[in-house]
Amino acid sequence: MTDKPRVWVSRPTFPDIIARLDEHFEVLSEPVEIKFSAAGLAAKLAGQDAAIVGLKERVGAAEIAGAKRLRIVANLSVGYDNLDLDALTSAGIAASNTADVLNESVADYTWALLLGAARRVGEAERWVRAGGWKATEFTQWLGMDVRGRTLGILGMGRIGQAVARRAVGFGMEVIYHNRSSLPSSVERECNARYVDKTSLLRESDFLVLVLPLTAENRHAIGAYELAQMKPTAVLVNVARGGIVDDAALANALAGGRLAAAALDVFEGEPAVHPALLTLDNVVLSPHIASASHDARRAMTALAVDNVMAFFGHGPHAGRPPTILNPAVLAEASPATHS
Ligand code: GLV
């Protein structure tokens, strides 16, 4: 045992990046993926000075109640609906996310899903693997072109903007809805036009969801919203499960009220609504939009940087680069914690 501050890393990541902590911290990394119960997570956090956690760790008042030494929770994702930020802030515990380093990778993957759904890539692949390809009829595998169609984006943060910029190459019109419209310089750069939510639903040929999950936007896309979309439209969710009512979506897809969907995130994941699993017009993936080598390494490095900086080390000493509750820093004199 040393008197170095202790850092717990809740899941296996990249050992060479986590090793940057070794000089200043006693590091305990979980060697395998574990789904911790609330009590199990509380037991892990107790006695730690810092924690690097993933989305499946839900950190709230109960989990930190016994974590008397805990000073920072560094989330390994940009979305942080798994953290109770109010509870952390009240306890004087800093929280950080991995904003920005994954924007381009998530935008690339969004297009992979969008194009995969439009051109039926998953369905065709399943057919080939199942030995279905004896001959192909000329009109058998018809999909949808994207060129000239309207791309709608709900949630126009930096990932939404990166998705929009790519649409230029596909010759698409881009409309978006957001809590507020973007500065006109950003709209010009993204070639995107602000519309109200109803117009977004009605006019989009491809509707991409890139908004954070909050209490207000749970089921932002439910039966009512799906009914307003074109029956030829494609819905892409790379944001969070719970933003879409998956049961209502499965109904719309099965009933021909929506052409197709591509989903990287699900309500209650890793469980997937059973009706979605039976449908051919939906592309399913296991929450991997940020899972490129570069992005996942950069996310890990950023989480490490946040912890290091909080304790007064590294290039950002005293200024964790993506802190979510900076008020905690003012109270905590961060650089004095080592
Ligand atoms: C992934 O979903 C993230 O929020 O980074």
Side-chain angles (χ1 to χ4, degrees), residues 55 75 77-81 97-118 146 149-214 216-221 225-226 228-229 233-244 249 261-266 283 285 287-292 294-295 298-299 302 322 324:
L55 274 177
N75 217 28
S77 65
V78 59
Y80 50 91
D81 44 288
N97 70 350
T98 57
D100 285 340
V101 294
L102 42 60
N103 296 348
E104 302 300 325
S105 308
V106 173
D108 286 350
Y109 191 75
T110 304
W111 278 96
L113 285 184
L114 188 159
L115 292 166
V146 299
R149 296 270 156 76
T150 299
L151 172 66
I153 301 177
L154 184 58
M156 196 62 159
R158 280 165 289 205
I159 296 175
Q161 293 166 34
V163 171
R165 283 197 305 274
R166 284 158 172 75
V168 174
F170 290 103
M172 298 177 87
E173 183 184 354
V174 182
I175 54 179
Y176 74 96
H177 183 70
N178 205 34
R179 269 169 311 185
S180 49
S181 61
L182 299 173
S184 50
S185 56
V186 181
E187 286 191 339
R188 263 196 309 281
E189 192 213 324
C190 295
N191 192 34
R193 178 167 59 83
Y194 182 85
V195 293
D196 60 32
K197 187 175 170 188
T198 304
S199 305
L200 186 83
L201 293 168
R202 290 194 179 149
E203 291 171 26
S204 298
D205 295 306
F206 296 89
L207 178 58
V208 171
L209 310 178
V210 215
L211 64 173
L213 177 64
T214 61
E216 295 77 55
N217 60 29
R218 182 167 292 281
H219 288 187
I221 303 293
E225 289 76 15
L226 291 164
Q228 296 183 67
M229 292 177 67
V234 174
L235 180 72
V236 181
N237 187 6
V238 289
R240 273 294 177 275
I243 289 174
V244 175
L249 174 63
L263 310 172
D264 188 46
V265 288
F266 304 87
V283 177
S285 70
H287 202 149
I288 56 170
S290 68
S292 73
D294 291 349
M299 290 162 72
L302 184 50
T322 48
L324 297 167

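Within the 3.5 Å criterion, the main-chain N or O of G79 finds a donor-acceptor partner in the side chain of N75. Under a 3.5 Å cut-off, the side chain of N237 and the backbone N or O of F266 do not form any donor-acceptor pair. The main-chain N or O of N97 is found under 3.5 Å from a side-chain atom of T322 such that the two form a donor-acceptor pair. Between the R149 side chain and the A233 main chain, no donor and acceptor come within less than 3.5 Å of each other.
With sequence neighbours excluded, the residues that form a side-chain hydrogen bond (donor to acceptor under 3.5 Å, both in side chains) with S285 are Y109, D264.
Side-chain atoms of L102 and I159, non-hydrogen and from C-beta on, do get closer than 4.5 Å to each other. Side-chain contact between S204 and I175 is present, with at least one heavy-atom pair separated by less than 4.5 Å. In this structure, the side chains of R158 and E104 stay at 4.5 Å or more apart for every pair of heavy atoms. Contact check for L55 versus R240: side-chain heavy atoms found under the 4.5 Å cut-off. A heavy-atom distance below 4.5 Å is found between the side chains of L201 and I221. For the pair M172 and N191, the minimum side-chain heavy-atom distance is 4.5 Å or more.
Scanning all heavy atoms of the two residues, the minimum distance from A164 to V174 falls at CB-CG1, 4.0 Å. In terms of heavy-atom proximity, V101 sits nearest to A298 at CB-CB, 3.8 Å. Heavy-atom minimum distance, L211 versus A239: O-CB, 3.2 Å. Scanning all heavy atoms of the two residues, the minimum distance from T98 to L302 falls at CA-CD2, 3.6 Å. Shortest non-hydrogen contact noted between V238 and V265 is C-CG2, 4.2 Å. Of all heavy-atom pairs spanning A220 and K197, the tightest one is O-NZ, 2.8 Å.
Every pair passing ring-ring contact (aromatic ring centres under 6.0 Å, His included) that includes a residue from residues 151-173 is listed here, sequence neighbours excluded: W111-F170.
To the nearest 0.5 Å, atom CG of residue L114 and atom CG of residue L207 are 10.0 Å apart. Here CG of L209 is found 5.5 Å from CG of L154. Values are rounded to the nearest 0.5 Å. Between the CE atom of M299 and the CG atom of D294 there is a distance of 12.5 Å, given to the nearest 0.5 Å. Taken from CG in L113 to CZ in F206, the straight-line distance is 12.5 Å, to the nearest 0.5 Å. One distance of note links OG1 of T110 with CD1 of I153; it measures 9.0 Å at 0.5 Å rounding. A distance of 11.0 Å separates CG in N103 from OG in S290, rounded to the nearest 0.5 Å.
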Per-pair distances, 0.1 Å, donor-acceptor, side chain in residues 176-189, under 3.5 Å, sequence neighbours excluded:
residue, atom, partner, partner atom, Å
Y176, OH, L182, N, 2.8
Y176, OH, E187, OE2, 2.5
H177, ND1, V195, O, 2.8
N178, OD1, M156, N, 2.9
N178, ND2, S180, O, 3.1

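Enclosure of atom CZ in R165 by more than 12 non-hydrogen atoms of other residues, nucleotides or ligands within 6.0 angstrom is indicated.
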